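For reference, the structure is listed below as structure tokens.
One is the number of the first residue; the rest follow in order along the sequence. On a predicted model such as this, the values are computed, not experimentally measured, just so you know.
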Amino acid sequence: MQEFKITEEIKKLDLTNIRTNLFHYKFDNRYLKKLYDTEGNLKHDCKEDLQYHSFKGEIFENIIYEHLLRYVQDKDEVKRFILKGPHQNKNNIFKKNGLLIDKGAQIVYKSVYKDISEFDALFFTKDSLYFVEMSKSKKTANLNKRLFKKSALLKILFPSFNIKALIVLTEGSTGISRFPDYCTIWITKDFNDDEILKDLILKKHSNVPLIPYNDKKYIEAVNVNYKKFSYYQTLEWILQKSRAHKNHAVDLCFFKSKKLSLYFDVFTKLYIGFVYLKDFKVLVPSYCEKVKDNKVIVSIEKINQKKFELVYYARQSDHKLKRIALTNNKLSIETKDPEGFTNKETKFITKIFKPEHRLLIKNINAISKKLSDNYITSL
């Protein structure tokens with residue numbers, strides 16, 4: 001699929017028409033300035049500095065975004081293009097939920113102040129919504145993996161649009177053939193413009209006004225209409241629906257629907273109940289930590305596009321959250337980020353557990369058997 005063709009200007013990362021606008025993007029240059037000597041030369045080996053490398057990727061994104069603003073000007077098929085960065089209306093109030101521009105001037109979808117997903121750019125045609133991902137990294141596996149969540153979220157928010165992606169990479173990137181069919185791939189030259197990086201970091205520029213884009217196709221994120229998606233309420237709904245079957249402890253057929261397939265890509269894991277610690281120790285005898293309320297949370301986790309497994313989460317008495325998986329009799333235990341989504345989710349889900357959400361050992365064994373037989377993915 002190549003509905004949109006890359007131009008030579010973008011392919012060559014030509015800054016002629018966009019250079020001055022790059023100086024209007026905000027970033028913290030206090031540390032980066034220290035990478036240069038008193039004569040304004042980059043110190044030895046500082047090109048390998050992690051923050052410098054990260055900044056380079058940020059500027060690459062800004063360059064492509066500025067090019068896209070120009071690119072869609074004369075594209076009649078592009079009906080709406082969401083503004084961000086210095087182009088957004090500063091009067092828009094920061095919100096805690098929905099599609100918005102965050103404090104970092106990025107396009108995000110938030111739920112209760114937590115980022116569910118970020119988009120480098122978004123634009124609409126008559127019947128399609130394109131999300132844009134830009135990366136100067138040569139390895140694309142992680143980027144490709146992130147597309148599932150972004151695509152699924154947009155399908156939920158915009159059910160009447162076809163969801164497509166524009167992926168902008170640099171020469172020498174690997175794994176390009178593995179991207180989904182809905183992706184258009186643009187390849188630019190390598191981004192090695194030390195001069196623009198230096199000028200941005202040291203703020204060597206004149207105060208040239210921002211070149212604005214005032215056509216009606218350029219819109220604010222707050223003015224986009226979409227179907228409301230409530231992150232935590234959806235998790236609760238899934239828990240209740242999965243446990244509502246009269247004859248089965250967990251209704252696995254419920255997880256085979258198209259809607260639930262999207263939810264798996266957004267959440268990765270869906271919670272189905274809990275086991276008491278005494279039962280969990282029968283399943284995992286080596287686990288000897290104390291957990292809050294003597295309950296271990298049970299989830300069905302999407303490992304990849306074809307594999308689902310039972311994964312357990314233990315909120316320990318020492319306040320750590322452990323992810324516990326038993327795959328082919330091999331035990332895996334990891335500590336989750338206390339500020340991450342999983343921690344927030346498990347705190348939420350434990351508050352709504354009722355006695356009827358308990359799972360017995362026989363229930364766990366039956367569900368594990370069906371998951372190992374690819375029950376959810378089979379049609």
Side-chain angles (χ1 to χ4, degrees), residues 1-25 56-88 105-107 118-138 140 143-144 147 150-151 154 161-177 179-197 199-200 205 208-219:
M1 184 195 73
Q2 288 290 335
E3 183 175 354
F4 296 101
K5 304 289 185 180
I6 190 171
T7 63
E8 285 300 311
E9 183 183 44
I10 299 175
K11 186 181 297 184
K12 294 177 180 178
L13 300 178
D14 187 343
L15 303 185
T16 303
N17 295 306
I18 67 168
R19 183 183 179 88
T20 57
N21 270 12
L22 296 175
F23 291 93
H24 290 270
Y25 287 82
K56 192 175 180 180
E58 182 181 341
I59 300 308
F60 176 74
E61 177 183 327
N62 294 345
I63 288 171
I64 299 301
Y65 183 79
E66 284 292 329
H67 274 305
L68 283 173
L69 285 166
R70 283 174 45 80
Y71 179 84
V72 302
Q73 282 184 116
D74 59 355
K75 297 292 182 185
D76 293 337
E77 58 267 49
V78 176
K79 305 302 181 183
R80 293 178 291 165
F81 186 98
I82 296 181
L83 297 171
K84 71 171 189 177
H87 299 280
Q88 64 175 309
Q106 299 299 315
I107 304 169
E118 178 182 320
F119 304 96
D120 293 342
L122 287 173
F123 63 89
F124 297 80
T125 63
K126 182 179 179 180
D127 59 3
S128 299
L129 166 58
Y130 281 81
F131 67 98
V132 184
E133 291 298 304
M134 314 156 188
S135 176
K136 54 180 286 297
S137 172
K138 303 304 181 187
T140 61
L143 169 60
N144 201 333
L147 298 185
K150 294 175 186 286
S151 174
L154 292 175
F161 282 89
N162 298 314
I163 305 302
K164 300 179 182 180
L166 172 60
I167 311 298
V168 187
L169 306 170
T170 58
E171 292 173 341
S173 297
T174 61
I176 294 175
S177 63
F179 279 93
D181 291 340
Y182 62 78
C183 294
T184 294
I185 309 295
W186 284 1
I187 304 294
T188 75
K189 74 171 188 178
D190 264 334
F191 177 50
N192 292 310
D193 193 332
D194 294 332
E195 181 180 352
I196 187 62
L197 294 173
D199 289 350
L200 287 166
H205 63 95
V208 179
L210 179 75
I211 300 172
Y213 293 86
N214 300 318
D215 188 275
K216 64 180 181 180
K217 73 170 59 179
Y218 299 103
I219 61 172

Open item on the list: Suppose we screen for salt bridge (charged side-chain N to carboxylate O under 4.0 Å, His left out). Which residues come up paired with Lys150, at least two apart in sequence or across chains?
Closed with: Glu133
Task: salt bridge (Lys or Arg N to Asp or Glu O under 4.0 Å) pairs, two or more places apart, involving residues 182-195 - done: Lys47-Asp194, Lys138-Asp190
- [ ] Identify the residue among Trp186, Tyr130, Phe123 that makes a ring pair (Phe, Tyr, Trp, His ring centres under 6.0 Å) with Tyr71.
- [x] Trp186
TODO: List for me each residue that meets side-chain contact (heavy atoms from CB on, under 4.5 Å) alongside Ile219, sequence neighbours excluded, and say none if there are none.
DONE: Arg80, Ile82, Val224
TODO: State whether the side chain of Lys217 and the backbone N or O of Lys75 hold a donor-acceptor pair below 3.5 Å, judged by distance alone.
DONE: yes
Task: Minimum-distance pair of heavy atoms, taken over all atoms of Gly85 and Tyr25 - done: CA-CE2, 4.2 Å
Open item on the list: Does the plane of the ring in Tyr65 sit parallel, tilted or perpendicular to the ring in Phe81? Use 30° and 60° as the thresholds.
Closed with: tilted
TODO: Could you go through the side chain to side chain contact (heavy atoms under 4.5 Å, CB included) check for Leu15 and Ile63 one step at a time?
DONE: CA-CA 8 Å; Leu15 303 185; Ile63 288 171; 3.8 Å; yes
Task: Closest non-hydrogen atom pair, Leu68 against Ala121 - done: CD1-CB, 4.2 Å
- [ ] List for me each residue that meets salt bridge (charged side-chain N to carboxylate O under 4.0 Å, His left out) alongside Glu77, sequence neighbours excluded, and say none if there are none.
- [x] none
TODO: First locate atom CD1 of Ile64, then atom CD1 of Ile18, and finally report the distance between them rounded to the nearest 0.5 Å.
DONE: 7.5 Å
TODO: Please confirm whether the backbone N or O of Ile211 pairs with a side-chain atom of Asn21, one donor and one acceptor, at under 3.5 Å?
DONE: yes
TODO: Sequence neighbours left out, what passes side-chain contact (heavy atoms from CB on, under 4.5 Å) with Lys12? Give chain and number order.
DONE: Glu8
Open item on the list: Could you check whether any side-chain heavy atom of Val168 comes within less than 4.5 Å of a side-chain heavy atom of Ile6, counting everything from C-beta outward?
Closed with: no
Task: Distance in Å, His67 NE2 paired with Ile10 CD1, rounded so as to fall on 0.5 Å steps - done: 6.0 Å
Task: Nearest-0.5 Å distance that lies between atom OG1 in Thr188 and atom CG in Leu169 - done: 8.0 Å
Open item on the list: Please give me the minimum heavy-atom distance between Leu210 and Pro86, naming the atom from each residue.
Closed with: CD2-O, 3.4 Å
- [ ] Decide, yes or no, whether a salt bridge links Lys84 with Glu118 under the criterion of side-chain N to carboxylate O below 4.0 Å.
- [x] no
TODO: Please answer whether the main-chain N or O of Leu143 pairs with a side-chain N or O of Thr140 as donor and acceptor at a distance below 3.5 Å.
DONE: no
Open item on the list: According to salt bridge (charged side-chain N to carboxylate O under 4.0 Å, His left out), who are the partners of Glu66, at least two apart in sequence or on a separate chain?
Closed with: none
TODO: Only counting residues at least two apart or in another chain, list the ones meeting side-chain contact (heavy atoms from CB on, under 4.5 Å) with Asn162.
DONE: Asp127, Ser128, Lys164
Open item on the list: Students often mix this up, so state it plainly: with edges at 30° and 60°, are the rings of Phe60 and Phe191 parallel, tilted or perpendicular?
Closed with: tilted
TODO: Check Thr125 against Phe4 and note the closest heavy-atom contact, atom names and distance.
DONE: CG2-CZ, 3.8 Å
TODO: Search all heavy atoms of Gln88 against all heavy atoms of Ala105 and return the closest pair with its distance.
DONE: NE2-CB, 3.4 Å
TODO: Please list, chain by chain and in numerical order, all residues satisfying ring-ring contact (aromatic ring centres under 6.0 Å, His included) with Phe124, sequence neighbours excluded.
DONE: Phe158, Phe161
Task: Which atom of Pro180 lies closest to which atom of Asn144, heavy atoms considered - done: CD-OD1, 3.5 Å
Open item on the list: Going by the rule side-chain contact (heavy atoms from CB on, under 4.5 Å), which residues pair with Asn214 if we only count those two or more places apart in sequence or in a different chain?
Closed with: Pro212
TODO: Working to the nearest 0.5 Å, report the span between CD1 of Ile167 and CD1 of Ile185.
DONE: 5.5 Å
Open item on the list: For a side chain to side chain contact (heavy atoms under 4.5 Å, CB included) check, start with the C-alpha distance between Leu122 and Leu154, then their side-chain angles and the critical distance, and finish with the verdict.
Closed with: CA-CA 10 Å; Leu122 287 173; Leu154 292 175; 4.2 Å; yes
TODO: Please tell me if the side chains of Ile187 and Lys11 come closer than 4.5 Å, counting only heavy atoms from C-beta onward.
DONE: no
- [ ] First locate atom CD1 of Ile176, then atom CZ of Phe179, and finally report the distance between them rounded to the nearest 0.5 Å.
- [x] 7.5 Å
Open item on the list: Tell me every residue that passes ring-ring contact (aromatic ring centres under 6.0 Å, His included) with Phe131, counting only those two or more places apart in sequence or in another chain.
Closed with: none
Task: Separation between CD1 of Ile196 and CG of Leu13, rounded to the nearest 0.5 Å - done: 12.0 Å
TODO: Using the test ring-ring contact (aromatic ring centres under 6.0 Å, His included), find all partners of Phe119 that sit at least two apart in sequence or belong to another chain.
DONE: none
Open item on the list: Going by ring-ring contact (aromatic ring centres under 6.0 Å, His included), name the residues that satisfy it together with Tyr218, two or more places apart in sequence or in a different chain.
Closed with: Tyr213
